[in-house]
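The structure under discussion is supplied below as structure tokens; questions concerning it will follow.
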Amino acid sequence: MALPFARSLCLCRCGAKRLGVAAAEARRGVSFKLEEKTAHSSLALFKGDTGVKYGMVGLEPTILAPNVERFREWAVVLADTVVTSGRHYWEVTVKRSQQFRIGVADVDISRDSCIGVDDRSWVFAYAQRKWHTMLANEKAPIEGIGHPEKVGLLLEYEAQKLSLVDVSRIAVVHTLQTDFRGPVVPAFALWDGELLTHSGLEVPEGL
């Protein structure tokens, strides 16, 4: 049965709109918050658990709920959502921090370790006004990026890659070849200032 032209046009537009929304959702990366139960006692979460700030003294361990998932030795916090496939992009705003690490880690990384120290985390670190990669406590310098207010991370699970992105140019600065063997989570460590995460973003065109 033929449909009136106006109704056919409306259905076509609605269908195209739904396809556009579906395509946008497919391009959208992982959406996460920071998981308080993993946060070291020197860290405090804020802005709906999307930000983390460092406190020199930190919280008294006695007022924290006992939790085997909490990092015990290092100022680390993990995100609450695991990644097992796909391409994902998120950004991190850096506020008054001169020493921090951002990357991904195995979901079951040791809570007595720090990200970048073992071979089950892949990290971009900033310290002493310089960027470097960290894997199994081995460091390699990164050139071409200073101390921007915001940086991006591009995770490509199947391709086994994690890239640091200069958001001012929407350009990859450096790519780490990874060795994912299971679920990973966004991971953060800092020793001053604040980090604010922005997730659920589409992968920028050109990356």
Side-chain angles (χ1 to χ4, degrees), residues 22-35 38 50 52 69 71 74-94 99-127 130-145 148 150-190 195-207:
E25 290 298 325
R27 293 192 302 268
R28 200 173 300 280
V30 62
S31 181
F32 63 81
K33 292 185 177 182
L34 304 178
E35 193 158 37
T38 68
T50 61
V52 56
E69 295 195 42
F71 281 84
W74 298 87
V76 177
V77 62
L78 303 180
D80 63 358
T81 305
V82 302
V83 175
T84 58
S85 64
R87 300 177 81 237
H88 304 275
Y89 176 78
W90 61 93
E91 295 178 347
V92 181
T93 297
V94 181
Q99 188 174 4
F100 58 89
R101 299 176 188 177
I102 55 177
V104 297
D106 279 358
V107 68
D108 58 354
I109 184 174
S110 169
R111 291 341 190 225
D112 292 316
S113 184
C114 185
I115 57 173
V117 172
D118 61 14
D119 64 353
R120 304 319 311 155
S121 57
W122 300 266
V123 168
F124 296 107
Y126 185 86
K130 295 180 181 179
W131 283 94
H132 52 269
T133 63
M134 287 194 71
L135 174 61
N137 223 22
E138 294 289 330
K139 298 181 181 180
I142 300 175
E143 304 295 337
I145 187 170
K150 184 184 291 185
V151 294
L153 287 180
L154 174 64
L155 170 62
E156 300 173 274
Y157 191 92
E158 285 81 6
Q160 299 273 299
K161 293 179 181 180
L162 179 69
S163 299
L164 180 67
V165 177
D166 183 341
V167 300
S168 66
R169 299 183 291 125
I170 309 298
V172 170
V173 177
H174 191 90
T175 298
L176 268 173
Q177 194 66 45
T178 64
D179 179 28
F180 301 143
R181 302 174 191 170
V184 296
V185 291
F188 309 86
L190 74 161
L195 300 177
L196 181 62
T197 65
H198 314 274
S199 64
L201 306 175
E202 290 186 19
V203 177
E205 290 189 17
L207 294 186

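For the single chain, residues carry numbers from 1 onward in sequence order. We use all heavy atoms of the structure for the numbers below, so side chains are in, but hydrogens, waters and symmetry mates are not.
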* **Heavy-atom side-chain proximity of Lys161 to Leu154 below 4.5 angstrom** => no
* How are the rings of Tyr126 and Phe100 set relative to one another: parallel (under 30°), tilted (30 to 60°) or perpendicular (over 60°)? -> parallel
* Asked: Between the main-chain N or O of Leu207 and the side-chain N or O of Arg87, is there a donor-acceptor pair closer than 3.5 Å?
  -> yes
* Leu153 vs Leu164, side-chain contact (heavy atoms from CB on, under 4.5 Å): CA-CA, chis, key distance, verdict -> CA-CA 5 Å; Leu153 287 180; Leu164 180 67; 4.2 Å; yes
* Asked: Only one of Thr197, Val77, Val76 clears side-chain contact (heavy atoms from CB on, under 4.5 Å) with Val52; which?
  -> Val77
* **Heavy-atom pair with the smallest gap, counting every atom of Ser199 and Phe32** => OG-N, 2.9 Å
* Report yes if the side chains of Arg101 and Ser121 come closer than 4.5 Å at any heavy-atom pair, otherwise no. => no
* Backbone of Val30 reached by a side-chain donor or acceptor of His88 within 3.5 Å -> yes
* List the atom of Asp119, the atom of Leu135, and the distance in Å for their closest heavy-atom pair. => CA-CD1, 3.9 Å
* Would you indicate whether the side-chain heavy atoms of Asp106 and Trp122 approach each other to under 4.5 Å? => yes
* Would you mind reporting whether Leu195 and Val94 have side-chain heavy atoms less than 4.5 Å apart? => yes
* Structure fact -> For Glu156 and Ser163 the tightest heavy-atom approach is OE1-OG, 4.5 Å
* To do: Return yes if some donor-acceptor pair links the side-chain N/O of Asp166 with the main-chain N/O of Ser168 below 3.5 Å, else return no.
  => yes
* Would you please classify the geometry between the Tyr157 ring and the Phe180 ring as parallel, tilted or perpendicular, with 30° and 60° separating the classes? => parallel
* How long is the gap from CD on Glu69 to CZ on Phe71, to the nearest 0.5 Å? -> 9.5 Å
* Asked: Between the main-chain N or O of Pro183 and the side-chain N or O of Thr84, is there a donor-acceptor pair closer than 3.5 Å?
  -> no
* Reported OG1-to-CD distance for the pair Thr133 and Glu138, which is rounded to 0.5 angstrom -> 9.5 Å
* Are Val173 and Val151 close enough that some pair of their side-chain heavy atoms sits under 4.5 Å apart? -> no
* Asked: Is a donor on one side and an acceptor on the other found under 3.5 Å between the side chain of Glu158 and the backbone of Gly86?
  -> yes
* Structure fact -> Shortest non-hydrogen pair, Ala127 vs His132, comes out as CB-CE1, 4.4 Å
* For residues Ala159 and Gln177, report the shortest heavy-atom separation together with the two atoms involved. => O-NE2, 3.3 Å
* To do: Using a 4.5 Å cut-off on heavy atoms from C-beta on, say whether the side chain of Ile115 contacts that of Trp74.
  => no
* To do: Find the distance between CG (Leu176) and CD (Gln160) and round it off to the nearest 0.5 Å.
  => 12.0 Å
* At their closest point, which heavy atom of Ile142 faces which heavy atom of Phe124, and how far apart are they? -> CD1-CD2, 3.6 Å
* Short side-chain to backbone donor-acceptor contact, Thr38 and Glu35, under 3.5 Å -> yes
* To do: Could you walk me through whether His198 and Thr50 pass side-chain contact (heavy atoms from CB on, under 4.5 Å), step by step?
  => CA-CA 7 Å; His198 314 274; Thr50 61; over 6 Å; no
* **Interatomic distance, Thr175 atom OG1 to Leu162 atom CG [nearest 0.5 angstrom]** => 8.0 Å
* To do: May I have the step-by-step check of side-chain contact (heavy atoms from CB on, under 4.5 Å) for Leu196 and Lys150, ending in yes or no?
  => CA-CA 9 Å; Leu196 181 62; Lys150 184 184 291 185; over 6 Å; no
* State which residue, out of Leu78, Ile109, Thr81, Val104, fulfils the side-chain contact (heavy atoms from CB on, under 4.5 Å) condition with Val185. => Leu78
